[in-house]
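Reviewing the structure listed below.
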Protein chains: 2
Amino acid sequence: MEDQHDPAQPPFDLDRFTPYRLSVAAERASEGLARLYRSRFGISVAEWRVLAHLEHSGNVSVRDIEARVALEKSKVSRAATRLEAAGYIAKAVDPADRRLVQLSLTEEGRALMAEILPVALGFQAELEARLGAAFDGLEQGLQKLLDGTEDKDDPSA
Amino acid sequence: MEDQHDPAQPPFDLDRFTPYRLSVAAERASEGLARLYRSRFGISVAEWRVLAHLEHSGNVSVRDIEARVALEKSKVSRAATRLEAAGYIAKAVDPADRRLVQLSLTEEGRALMAEILPVALGFQAELEARLGAAFDGLEQGLQKLLDGTEDKDDPSA
DNA sequence: CGTTATTCATTGCAAATGCAATGATGTCAA
DNA sequence: TTGACATCATTGCATTTGCAATGAATAACG
């Protein structure tokens with residue numbers, strides 16, 4: 001169980017490795033929130049993100065969401081299909097460019113968001129309270145990480 | 001594309017939502033590193049984590065890794081199977097408790113880590129350089145998030 | 001001891017995922 | 001216009017994933 005790395009090698013501790021730490025923290029946070037809406041509202045993380053983006057911005061194409069919400073387009077597409085089947089969003093062909101699909105919240109979708117948003121905001125508030133003074137530092141660090149080119153080819157992003 | 005939320009509802013911007021930001025930042029960081037070792041060494045993120053933990057601690061059971069490395073036990077088990085097939089680790093029944101499987105790096109595994117570790121450490125160094133003064137703040141925030149009970153039932157974790 | 005719970009690793013299987021087509025539409029320049 | 005190329009959303013398909021058995025081994029406790 002103890003350290004036994006080759007003394008010629010630099011020591012390596014996964015617990016101090018930022019990508020790993022980020023990954024675990026992100027998983028915990030997302031899962032913590034997801035457990036609040038999954039059972040109650042029956043939606044997945046991807047669905048939540050699509051809804052949240054629709055609530056924020058009006059009619060949007062799948063492509064827009066893919067870019068803004070950091071989800072594979074196929075994931076967005078399938079989430080949209082499920083949300084449409086559940087009656088929370090509507091899909092319509094964009095008359096100006098018929099390749100595009102306009103996604104929009106239905107009345108039911110808005111009602112759903114009216115229930116979920118307070119939960120999400122409460123979760124965020126809890127998180128901030130829990131972090132206290134460390135919150136600002138975390139956000140600044142995240143901002144720097146996210147600022148980098150959105151491009152997935154940037155290894156330092 | 002513009003804001004059009006119900007004025008009775010609080011505004012909601014996914015871009016300012018910490019779980020989402022964490023998730024995107026984590027994905028970028030993990031993917032950024034993964035692209036460095038995936039093509040060159042043919043290992044996945046799960047495999048990398050198992051290897052990294054084995055490099056740090058000696059013989060370990062699947063259960064230990066599951067707990068320490070934040071991976072589902074089935075994921076660990078399958079990663080271990082692939083790593084064994086590739087010749088990087090060895091599996092052996094623990095003589096003291098024959099339910100346990102001792103995982104350990106083989107000579108090849110150590111050689112692999114000798115190649116990967118500098119890459120990983122370089123990535124970490126790049127990250128820290130990129131973050132500059134913000135790095136400490138990020139780490140403190142992550143620490144607070146990770147400190148909370150490891151328990152998945154804690155919504156604020 | 002013997003019997004019942006627990007713990008561990010693996011695996012079966014349904015669902016989710018990612019990537020590469022596919023088809024339908026748009027753009028642009030010859 | 002026409003034809004080559006680009007963009008968009010969806011879907012096919014192989015792989016991966018997560019969860020719930022499963023089977024093997026141990027612990028707990030009468």
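Within every chain, numbering begins at 1; the chains are lettered A, B, ... in the order of the sequence lines, protein sequences first and strands thereafter.
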Any non-hydrogen side-chain atom of A:Val101 less than 4.5 Å from a side-chain atom of A:Val93?
no
Taking the side chain as everything from C-beta on, heavy atoms only, tell me whether A:Val24 gets closer than 4.5 Å to B:Val69.
no
Could you pull out all residues at least two apart from [X] that satisfy salt bridge (charged side-chain N to carboxylate O under 4.0 Å, His left out)?
X: B:Arg21; value: A:Glu139
X: A:Asp13; value: A:Arg16
X: B:Arg98; value: none

Kindly say whether the aromatic ring centers of A:Phe17 and A:Phe12 come within a distance under 6.0 Å.
yes
With sequence neighbours excluded, tell me which residues meet side chain to side chain donor-acceptor pair (under 3.5 Å) with [X].
X: B:Asp136; value: none
X: A:Gln102; value: A:Asp94
X: B:Lys91; value: B:Thr81
X: B:Glu108; value: none

Closest approach of A:Gly141 to B:Leu131 (non-hydrogen atoms, all atoms of both residues)
O-CD2, 3.5 Å
How many Å lie between CD on B:Glu72 and P on C:dT17, as a whole number?
14 Å
Inter- and intrachain pairs under salt bridge (Lys or Arg N to Asp or Glu O under 4.0 Å), touching residues 40-50 of chain B, at least two apart
B:Glu47-B:Arg82
When all nucleic acid strands are considered with a 4.0 Å heavy-atom cut-off, which category describes A:Ser61: base, sugar-phosphate, or nothing?
sugar-phosphate
Any residue in residues 86-103 of chain B with a heavy atom nearer than 4.0 angstrom to DNA chain C? Just list them by number, or reply none.
B:Lys91, B:Arg99, B:Leu100, B:Val101
Working for side-chain contact (heavy atoms from CB on, under 4.5 Å), residues B:Leu36 and B:Ile116:
CA-CA 9 Å; B:Leu36 295 182; B:Ile116 297 184; over 6 Å; no
By nearest-nucleotide position on DNA chain C, the 5'-leaning member of B:Arg63 and A:Ala46 is B:Arg63
Which is more 5' along DNA chain C, the nucleotide nearest B:Val62 or the one nearest A:Lys73? Just name the residue.
B:Val62
Report for the helix from C:dC1-D:dG30 to C:dA30-D:dT1: angle between first-end and last-end helix axes, five pairs each, rounded to 10 degrees.
20°
Chain B footprint on DNA chain D, 5' to 3' - any atom under 4.0 Å from a heavy atom
D:dT17 to D:dT26
Near DNA chain D, counting only heavy atoms under 4.0 Å, which residues of residues 74-84 of chain B show up?
B:Ser74, B:Lys75, B:Arg78
